[in-house]
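Just below is one structure, and these are the notes that go with it.
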Amino acid sequence: MKKAVTALPAAALALALTACGSGASSSPSPQNAPSPTPESTVSAEPDESLPSGSGSDLYSLASADAESTISGLAAEQQALAAEIATYDDYVANADRVTAFYQTVAEETRGLCIRLREYGADYTDSVLGSGLSCDEMYDELDALFDDLYDDVGDDVFDALYDDLMDDAYDAFYGGVLSEIPDRVEYSDWSDVHSEEYEMWSDCHSDVYEEISDFRSDIYELWSDVRSELWSDDLDRAEEKLAEFRQDVASRNGEAAESGGPAGQTASSAADTGSSAPAGGSSAAEAASEAPADGLRPEFQEAMDSYETFMEEYCAFMEKYSESDGGDPSLLADYASFLSRYAEMTDAFAQWEEEEMNDAELAYYLEVQTRVSQKLLETAQ
């Protein structure tokens, strides 16, 4: 089944644009638009419709944990950069630089596990609130607005962009950018290349961890609300139980990989600290234990595509509820188009590949899920 994979993204995106493009032009009334979420504060006003200490704490708990983790990593990076002012300093502290990148990947993984747990706890508080299914459906908007959107954006900007950019500027693009007069080119080149490889691997791991966390939260939000829309509270609780099982599995994988497992959300909240979650990168985990019959690179391509389309549908839902004039939404739209171009380039490697039976089945499974989300978004 040649070229099927590369044809899928273009067709799906075209469907999404056609289905969702008219949403923003309908100019929904203000009362139907989502209420704004505070972006610069840690605490949120309590929601009197939910039990004390549950949903009302979602943003404050998740944001405080994220800020603690981010500030700790930033301080470590700044301290390390302050001690490495020359090429010789870098060579003498190469092991510390390696350990720093490992810590960044582990801390990011641990944080993303805990953020999932905050989302699960919030969802549990909503489902146990005694509200009607329609009211619970509305309450769960905070799961998307506060956790997926606000905290997700903050973590991505602070870790994937700011922290990793600072590390790049300090080492690869800083003290290692020029060859010292007395150093052989081959020695400098080896050190320079190894630094870039470490930085690039960590950069990719951070992206995958954050992207997977946001995709999982979006799926929880979408799945539970879908069951509530159908007035099926039992099925909604089953979806939450499946989500918790997945989070527990991630915690177990972190422990088995040789590093400390991530703190639970409750223990992180109690201590006010962020503990690293050990483990290999998401890419390494996929390579070590791929789904039966699937080449790791094929599964990664499929999963990246599905994650992209989930994020795109979430964006289009948000866009359709606006009046279409928000500059930040227009900027996000341009970003999606740019990422779409990168995604199709990544898919191009499969143009001449034949898929085996397991890969074809997985391809059709992904296609079905994406098509369903596009249809739901278009409604």
Side-chain angles (χ1 to χ4, degrees), residues 66-112 154-211 254 257-260 262 273-288 296-297 300 304 335 338-339 341-342 345-346 348-349:
E67 288 178 9
S68 175
T69 302
I70 292 164
S71 62
L73 290 173
E76 185 173 347
Q77 188 276 323
Q78 291 164 8
L80 189 59
E83 295 182 37
I84 300 178
T86 66
Y87 174 86
D88 288 340
D89 291 339
Y90 181 91
V91 173
N93 290 278
D95 290 345
R96 292 179 61 196
V97 176
T98 301
F100 166 72
Y101 286 129
Q102 292 173 343
T103 298
V104 171
E106 292 169 359
E107 289 274 8
T108 301
R109 179 183 176 94
L111 172 62
C112 288
D154 289 345
V155 170
F156 185 90
D157 291 345
L159 294 179
Y160 181 77
D161 285 340
D162 296 342
L163 179 71
M164 295 306 298
D165 284 355
D166 288 345
Y168 181 97
D169 292 342
F171 306 131
Y172 182 82
V175 297
L176 300 181
S177 62
E178 296 183 0
I179 310 174
D181 292 339
R182 56 184 174 67
V183 176
E184 293 290 335
Y185 175 83
S186 60
D187 293 337
W188 170 85
S189 179
D190 287 344
V191 173
H192 200 227
S193 297
E194 288 170 5
E195 163 59 26
Y196 181 80
E197 185 175 353
M198 287 192 299
W199 177 89
S200 179
D201 287 347
C202 182
H203 202 219
S204 296
D205 289 347
V206 168
Y207 177 86
E208 289 181 12
E209 292 293 351
I210 298 172
S211 179
S257 67
S273 64
S274 59
S280 58
S281 68
E284 290 170 338
S287 175
E288 293 170 359
E297 58 270 28
E300 181 179 358
S304 296
S335 174
S338 174
R339 290 172 58 199
E342 296 174 359
D345 288 341
Q349 64 176 306

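Because the structure is predicted, anything quoted here is derived from the model rather than measured. What's counted below: heavy atoms across the whole structure, side chains too, no hydrogens, waters or symmetry copies.
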| said: In terms of relative ring orientation, are H203 and Y160 parallel, tilted or perpendicular, with 30° and 60° separating the classes? | reply: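 Geometry flag for Y160 against H203: parallel rings.
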Is there a side-chain contact between [X] and [Y], using heavy atoms and a 4.5 Å cut-off?
{"X": "L159", "Y": "M164", "answer": "no"}
{"X": "T86", "Y": "Y90", "answer": "no"}
{"X": "V155", "Y": "T69", "answer": "no"}
{"X": "E197", "Y": "D201", "answer": "yes"}
{"X": "I70", "Y": "L163", "answer": "no"}
{"X": "L80", "Y": "E76", "answer": "no"}
{"X": "D205", "Y": "T108", "answer": "no"}
{"X": "Y101", "Y": "E195", "answer": "yes"}

| Does a sphere of radius 6.0 Å around CD in E83 hold more than 12 heavy atoms from other residues, nucleotides or ligands, not counting ones at 6.0 Å or beyond? |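 More than 12 heavy atoms, drawn from other residues, nucleotides or ligands, come within 6.0 Å of this atom.
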| task | Evaluate whether atom OH of Y196 has more than 12 neighbouring non-hydrogen atoms of other residues, nucleotides or ligands under 6.0 angstrom away. | result |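 It does not: Y196 OH has 12 such atoms or fewer within range.
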Measuring from atom [atom1] of [X] to atom [atom2] of [Y], what distance do you get when rounded to the nearest 0.5 angstrom?
{"X": "M198", "Y": "S193", "atom1": "CE", "atom2": "OG", "result": "11.0 Å"}
{"X": "R182", "Y": "D187", "atom1": "CZ", "atom2": "CG", "result": "11.0 Å"}
{"X": "S68", "Y": "E107", "atom1": "OG", "atom2": "CD", "result": "8.5 Å"}
{"X": "C202", "Y": "Q102", "atom1": "SG", "atom2": "CD", "result": "9.5 Å"}

Looking only at atom types and distance, does a side-chain atom of [X] sit under 3.5 Å from a main-chain N or O of [Y], one as donor and one as acceptor?
{"X": "S177", "Y": "G174", "value": "yes"}
{"X": "S71", "Y": "E67", "value": "yes"}
{"X": "W188", "Y": "Y87", "value": "no"}
{"X": "N93", "Y": "D89", "value": "yes"}

N/O donor-acceptor pairs under 3.5 Å from side chains in residues 165-173, not counting sequence neighbours:
none

